[in-house]
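Atoms within a ligand are numbered from 1 in the order they appear, just like the ligands themselves. Remember, predicted model here, so these are calculated numbers, not experimental data.
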Amino acid sequence: MENPRNLGLGGSLPVPNVQALAADVTPTLLRRYLRPQPSTDGVFPTAADGEAGLPVVDLGRLLDPGLAGQEEAAKLRLACEDWGFFQVVNHGIAEETMEEMKRDLVGFFHLPLAEKTKLAQQKDYIEGYGQAFVSSEEQTLDWSDMYFLNTQPPSYRDLRFWPSSPSSFRLSMERYSAETQRVATHLLRAMARNLDVQDDEKLTRIAAAQSMRMNYYPPCPPEERDRVLGVSPHSDAVGLTLLLQVTPVPGLQINKGGGWVPVDPIPGALVANVGDVIEVLTNGRYKSIEHRVVVNARQERVSIAAFHNATFGPSSMYSPLEEIVGGGEPLYRTITVEDYVKLVLSSKLQGKNILDAMKLPNHPAAPLIN
Ligand code: OGA
Ligand code: NI
C-alpha cells in the first residue's frame, strides 16, 4: 500500500529561516521578500467595502436530526456556494485539546533554531521544518516558516519529524489531529447530503488523510510591510482545510468580490475552507477561494492548517462526481491522488494555478493553454 511517508513526491528549495532573519534583518536579505510596488502589480488591492463577515456554522446544530439541523445545513450550503469559507463553532473539540496544541506549537517555534533544524525537510519531501512551494531561486519568498507533518492515518506518520520537545507535543498533536479529522468528516457528510450524493463516503473519503501545515510569521520590518506577504495568494490544493489561529493576531484575508476581506476569527472557532479537490468533485459548484496572509509589524503570528485529503492507492482518484455532473459535462480532469499530490508539490504557490491545471478546455474559466 502506497504511503506518502516513503514516496519522494516533491519538496521545496531550501530558503532562509525567516524567524532568524527577522531578528537580524538587512536590506539585502529583505530583498528576496519584496514584491513589486503594490500599485503596479495588483497584489494588494484594497479590501471590498461593506462585506459582512464570514458565515458561521454551528456543528452541534448541524448534527441535530430535526429542524435545527436542516436550518444549519442550509447555512452550510450557502457558505460553500457563496463563500467557500466559513467559521465552525460549537465543534465539540475540548478547550483543553485546543489550548494544549496551541501551547506546544508555540513552544516548538520558540525552540532554538538548531533544535528545530534537526527536523529540517529533506530533499523531495514536504514533511519537516522549512518552507513549501519554492521552485526557483528568483521567486519572491513568503515571510513565514513552515512546519509540516502527515498526521492521519497513523501509518502515514513519520515520527522522525515529530519533535521530542515540548515533551507533550506528540500527545497534543495526536488528540488535536483526531478531533479535527472528526469535524472535517461531519462537515463533508453534511455537504454530501446538501449535494444529494447518496453515498456520503464519496465525500468523507477526502478526510481519510490529514496533514498539518503549521505556520510561523515573525513581525516584519514596518517600513516594508506593505510589500511583504506572510503567504502569497493561493487556493488550498486539498479537500477541506480547518484552520486554527494559534495567536490572536489577524492576517488572513480572502478574495471576495475582487477585494481582500480580512477574516476575524471568533475565539475558539475553526475557519473552514473548501479546497481545490472539493471544487473538482462538485464540478465547480463549490468554489475554492483564493486567500493570503498579510504581515504584522509588531507581533508574531502562529496558525495551523489541517488539510484533509483522500488516501493513496492504485484506484484512489479525484474526479467530478457523476451525481453532480449528471447529464452535463465534467469540467475538471480525473487524476490519481498520487499524481495530484505530485502536481501540487512541484508547483509554485500562485493564485489558483493548480486548479487551472485541473480544468478541462470546456470549463468557462479554463486558461487558454491547457
Ligand atoms: C495555509 C493558509 C492561513 C493562515 O496554510 O494554506 O492559508 O492564516 N494559512 O495562516
Ligand atoms: Ni491556505
Side-chain angles (χ1 to χ4, degrees), residues 12 15 18-19 43 47 53-54 83-88 98 101-102 105-106 108-109 121 126-134 141-151 176-177 180 184 210-220 228-256 260-279 286-296 299-309 341 344-345 347-355:
S12 190
V15 291
V18 183
Q19 192 173 359
V43 174
L54 244 49
W83 283 79
F85 261 84
F86 52 97
Q87 305 214 41
V88 187
M98 307 270 272
M101 183 70 258
K102 290 184 189 176
L105 181 57
V106 171
F108 171 78
F109 281 127
Q121 287 168 321
I126 180 137
E127 273 202 298
Y129 183 61
Q131 191 47 282
F133 301 111
V134 182
L141 300 179
D142 289 342
W143 191 256
S144 54
D145 300 317
M146 184 197 81
Y147 176 44
F148 193 98
L149 290 176
N150 291 327
T151 47
Y176 180 70
S177 159
T180 39
Q210 181 195 59
S211 40
M212 297 283 183
R213 179 182 163 128
M214 295 163 272
N215 302 298
Y216 182 85
Y217 306 94
C220 175
V228 175
L229 283 178
V231 178
S232 307
H234 67 283
S235 60
D236 290 348
V238 302
L240 181 70
T241 305
L242 293 176
L243 182 87
L244 175 64
Q245 284 229 161
V246 172
T247 52
V249 181
L252 176 62
Q253 300 184 334
I254 69 171
N255 189 344
K256 176 132 172 75
W260 293 100
V261 180
V263 172
D264 193 11
I266 300 166
L270 293 167
V271 175
N273 67 286
V274 163
D276 296 352
V277 171
I278 295 185
E279 182 170 325
Y286 291 174
K287 303 276 184 313
S288 175
I289 298 298
E290 218 183 349
H291 51 285
R292 68 178 189 178
V293 177
V294 295
V295 291
N296 191 282
Q299 290 169 285
E300 65 178 11
R301 179 170 186 271
V302 178
S303 68
I304 312 179
F307 294 144
H308 298 89
N309 292 295
V341 172
V344 172
L345 293 179
S347 302
K348 179 170 148 182
L349 200 61
Q350 189 176 59
K352 300 183 66 161
N353 55 331
I354 297 163
L355 197 52

- Item | Any donor-acceptor N/O pair, W143 side chain to P218 backbone, under 3.5 Å | yes

- Query: Just which atoms of ligand 1 are under 4.0 Å from any heavy atom in A305?
  - Reply: 5 (O)

- Task: Please state which part of F148 comes within less than 4.0 Å of ligand 1, counting heavy atoms only: side chain, backbone, both or neither.
- Result: neither

- Query: Which heavy atom in F148 sits nearest to a heavy atom in I126, and how many Å separate them?
  - Reply: CB-O, 3.6 Å

- Here the pair of heavy atoms bringing G230 nearest to D142 is O-CB, 3.2 Å

- Answer yes or no: is there a side-chain heavy-atom contact under 4.5 Å between H308 and T241? no

- Query: Is the backbone of Y216 close enough, under 3.5 Å, to the side chain of S144 for a donor and an acceptor to pair up by distance?
  - Reply: no

- Ligand-residue contact atoms, ligand 1 with H291, heavy atoms, under 4.0 Å: 7 (O)

- Query: Which ligand 1 atoms does Y217 reach within 4.0 Å, using its non-hydrogen atoms?
  - Reply: 4 (C), 9 (N), 10 (O)

- Please indicate how many protein N/O/S atoms are found closer than 2.8 Å to the Ni ion (ligand 2), with waters neither displayed nor included. 3

- Report, in ascending order of atom number, the atoms of ligand 1 lying under 4.0 Å from any heavy atom of R213. 5 (O)

- Find all atoms of ligand 1 within a distance of less than 4.0 Å from any non-hydrogen atom belonging to L252, and give their numbers and elements. 3 (C), 8 (O)

- Task: Determine the minimum heavy-atom distance between Q19 and D145, stating which atoms define it.
- Result: N-OD2, 2.9 Å

- Task: Using a strict cut-off of 4.0 Å, indicate which atoms of ligand 1 neighbour a heavy atom of F307.
- Result: 6 (O)

- Message: Looking only at protein heavy atoms, which one is nearest to atom 3 (C) of ligand 1, and what is the separation?
- Response: V293 CG2, 3.6 Å

- Query: Any donor and acceptor pair, going by atom type alone, linking the side chain of E300 with main-chain N or O of V106 inside 3.5 Å?
  - Reply: no

- Message: Using side-chain heavy atoms (C-beta onward) and a distance below 4.5 Å, is V271 in contact with L242?
- Response: no

- Please assess T247 against Q299 for the test side-chain hydrogen bond (donor to acceptor under 3.5 Å, both in side chains), listing each intermediate value before the final yes or no. CA-CA 9 Å; T247 52; Q299 290 169 285; over 6 Å; no

- Do Q245 and ligand 1 have an N or O pair less than 3.5 Å apart? no

- Task: Give the residue and atom name of whichever protein heavy atom lies nearest to atom 8 (O) of ligand 1, and the separation in Å to one decimal.
- Result: R301 NH2, 2.9 Å

- Which atom pair, heavy atoms only, marks the closest approach of A237 to N309? O-OD1, 4.5 Å

- May I ask you to identify, for L243, whether its side chain, its backbone, both or neither come under 4.0 Å of ligand 1 on a heavy-atom basis? side chain

- Item | Identity of the nearest option to atom 6 (O) of ligand 1, non-hydrogen atoms only, from M214, H234, M212 | H234

- Message: Which residue in the set V246, V249, V294 passes side chain to side chain contact (heavy atoms under 4.5 Å, CB included) when paired with R301?
- Response: V249

- Message: Test of understanding: given a 4.0 Å heavy-atom threshold, classify the contact between D236 and ligand 1 as side chain, backbone, both, or neither.
- Response: side chain

- Message: Could you tell me if the side chain of Y129 sits less than 4.5 Å from the side chain of Q121, heavy atoms only?
- Response: no

